[in-house]
Amino acid sequence: MKIGIIGSGAMGTGIAQVLSMASNQVVLIDSNALALEKAQNNLKNTFSKLKEKGKISAQDEQRFYQQITFESDYQSLQDADLIIEAIIEDIQVKKKLFKELESWVSDSCILATNTSSLSIASIAAACNLPERFIGIHFFNPAPLMALVEIIPAVQTDAQLANKVKNWVSTWGKLPVITKDTPGFIVNRVARPFYSEALRLLDESYANCATIDAAMTQVGFKMGPFTLMDFIGHDVNYLVTESVYQALYYDPRFKPSLSQKRLLEAGYLGKKSGRGFYRYNLENTDPESNAIDHSKLEYIANRILAMLINEAADALFLNIATKEDLELAMTKGVNYPKGLMAWGEEIGWQQVAHTLDQLYHYYHEDRYRLSPWIRNKIAN
Ligand code: NAI
């Protein structure tokens with residue numbers, strides 16, 4: 001296939017690597033010459049490192065690199081089969097781009113966006129032929145993350161999602177199909193991992209180290225605060241805020257002011273030396289990082305119940321099939337188990353009990369049990 005990628009930033013470069021290694025002709029385009037040059041150097045270095053490590057042959061190193069061309073205009077896209085857009089996350093800029101692109105590509109060329117947070121329907125609406133428009137959402141870093149979410153818009157041709165699913169499989173990735181709703185699967189269902197942890201911290205129930213320990217003890221590779229510091233509060237907080245706004249301020253998705261304050265202070269996490277934790281060893285205070293073992297079980301039960309409830313509600317709202325939901329959380333964010341399987345294991349009655357107790361205590365909509373679980377218990 002011939003595939004055009006627009007935007008040669010972190011995502012565009014990673015996607016170009018994946019597609020070239022799956023034997024596609026790739027055209028990587030950026031309006032910024034410096035960004036394009038950087039992408040070209042990065043890809044050259046990546047293939048060279050892969051060869052040094054013995055992961056690819058010298059012949060493949062050349063082939064993978066030569067299959068990618070680096071351009072600043074759309075001329076060579078006339079015979080492209082697919083375009084994947086990975087430019088800045090701005091709806092007006094993306095709409096303008098697709099309007100222009102349509103005059104360069106053929107009518108049979110499929111158009112896709114890698115957006116994390118915008119509505120696919122709204123971008124598709126800028127196109128003359130919106131039925132050929134779809135979301136193809138890779139995770140960062142694209143070469144390492146197996147999952148790809150495929151998001152048909154309300155305008156998308158009914159056959160297209162499955163066609164794209166087949167393509168994505170041939171790229172060596174794991175495709176899941178999701179509804180065009182805020183956060184798609186992963187960025188929606190994973191929210192309580194952060195938000196309920198933040199809630200416990202805000203209420204001074206436990207410190208970060210205790211909450212982190214509670215979650216690693218049940219199998220997560222990193223606790224929520226370590227993970228938020230790792231992702232960066234600029235990225236993690238803004239995703240939470242955008243999902244919250246896009247879901248009409250559903251209290252289940254409410255962001256935390258303490259995370260916002262870290263962002264405002266420039267304490268972005270590991271990359272800036274300070275987030276919830278301090279990464280400057282001189283300032284580490286062992287007292288504040290002491291783990292309270294008596295609280296681990298309650299914390300893990302509560303955060304897990306919230307996560308399982310979110311997954312069950314995604315199923316209730318037809319956001320994806322159960323299989324795709326499980327695959328997305330295990331392969332997309334490396335959860336130790338699928339959340340529906342986890343609900344089954346803990347027992348739906350027990351999950352409901354945890355949620356209902358929280359609801360009773362707080363009288364907040366945030367803790368409402370998904371009707372999916374209520375039905376499951378009744379039948
Ligand atoms: P980035 O900022 O690293 O790269 C964007 C690139 O697009 C820049 O090189 C910029 O020069 C170029 N660009 C901007 N406007 C352009 C235009 N009109 N025409 C051509 N090139 C243009 O951004 P990143 O992180 O790669 O994200 C790209 C997209 O992927 C966004 O929609 C983002 O939401 C999405 N995404 C990002 C993830 C992440 O973790 N960074 C994960 C999954 C999706």
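First listed ligand is number 1; within each ligand, the first listed atom is number 1.
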Check whether any N or O atom of Thr115, backbone or side chain, sits under 3.5 Å from an N or O atom of ligand 1, and answer yes or no.
no
By number and element, which atoms of ligand 1 are closer than 4.0 Å to a non-hydrogen atom of Ala35?
9 (O)
For Gln159, does the CD atom have more than 12 heavy-atom neighbours from other residues, nucleotides or ligands under 6.0 Å away?
no
Determine, step by step, whether His137 and Phe184 satisfy the ring-ring contact (aromatic ring centres under 6.0 Å, His included) criterion, reporting the C-alpha distance in whole Å, the side-chain angles of both residues, the deciding distance to 0.1 Å, and the verdict.
CA-CA 9 Å; His137 183 224; Phe184 311 130; 5.7 Å; yes
When you compare ligand 1 with Ser116, is there at least one nitrogen or oxygen pair between them that comes in under 3.5 angstrom?
yes
Using ring centroids (six-membered ring only for Trp), state whether Phe220 and Phe193 fall under 6.0 Å.
yes
When you measure from atom 19 (N) of ligand 1 to every protein heavy atom, which one gives the shortest distance, and what is it?
Ser31 OG, 3.6 Å
Those atoms of ligand 1 less than 4.0 Å from some heavy atom in His137
43 (C), 44 (C)
With no hydrogens and no angle check, do the side chains of Gln357 and Tyr362 hold a donor and an acceptor under 3.5 Å apart?
no
Identify, for atom 2 (O) of ligand 1, the protein heavy atom at the shortest distance, and state residue, atom and that distance.
Ile88 CG2, 4.6 Å
To the nearest 0.1 Å, how far is atom 34 (O) of ligand 1 from its closest protein heavy atom, and which atom is that?
Glu89 OE1, 2.8 Å
How about Lys331: does its NZ atom have over 12 heavy atoms from other parts shown lying under 6.0 Å from it?
no
Assign the ring pair Trp372 / Trp348 to parallel, tilted or perpendicular, where the plane angle (0 to 90°) is split at 30° and 60°.
perpendicular
Please identify which atoms of ligand 1 are closer than 4.0 Å to at least one heavy atom of Lys94.
31 (C), 32 (O)
Of the protein's non-hydrogen atoms, which lies at the shortest distance from atom 1 (P) of ligand 1, and what is that distance?
Gly9 CA, 4.0 Å
Top protein contact for atom 30 (O) of ligand 1, by heavy-atom distance
Asn114 ND2, 3.0 Å
Donor on one side chain, acceptor on other, Asn42 and Thr13, under 3.5 Å:
no
Could you say whether the N/O atoms of Gly12 and ligand 1 ever approach to under 3.5 Å?
no
So which heavy atom in the protein is nearest atom 11 (O) of ligand 1, and how far is it from that ligand atom?
Asp30 OD1, 2.7 Å
Is the distance between the ring centroids of Tyr367 and His360 less than 6.0 Å?
no
With a sphere of 6.0 Å drawn around NZ of Lys270, does it hold more than 12 non-hydrogen atoms of other residues, nucleotides or ligands?
no
So Ser57 and Lys51, do their side chains get closer than 4.5 Å, heavy atoms only?
no
Atom 31 (C) of ligand 1: of Ile87, Ile231, Asn140, Ile91, the nearest heavy atom sits on Ile87
Under 4.0 Å from any heavy atom of Asn32, which atoms of ligand 1 are there?
11 (O)
Thr115 side chain near Lys94 side chain, heavy-atom distance below 4.5 Å:
yes
Distance flag for atom 23 (O) of ligand 1, protein heavy atom under 4.0 Å
no
Salt-bridge contact Arg368-Asp250 (side-chain N to carboxylate O under 4.0 Å)
yes
Identify, for atom 3 (O) of ligand 1, the protein heavy atom at the shortest distance, and state residue, atom and that distance.
Ala10 N, 3.1 Å
Closest candidate by heavy atom, reference atom 43 (C) of ligand 1, pool Tyr74, Phe138, Phe139
Phe138
Ligand 1 atoms nearer than 4.0 angstrom to some heavy atom of Ile6 are 20 (C)
In terms of residue, atom name and distance, what is the protein heavy atom nearest to atom 25 (O) of ligand 1?
Met11 CG, 4.0 Å
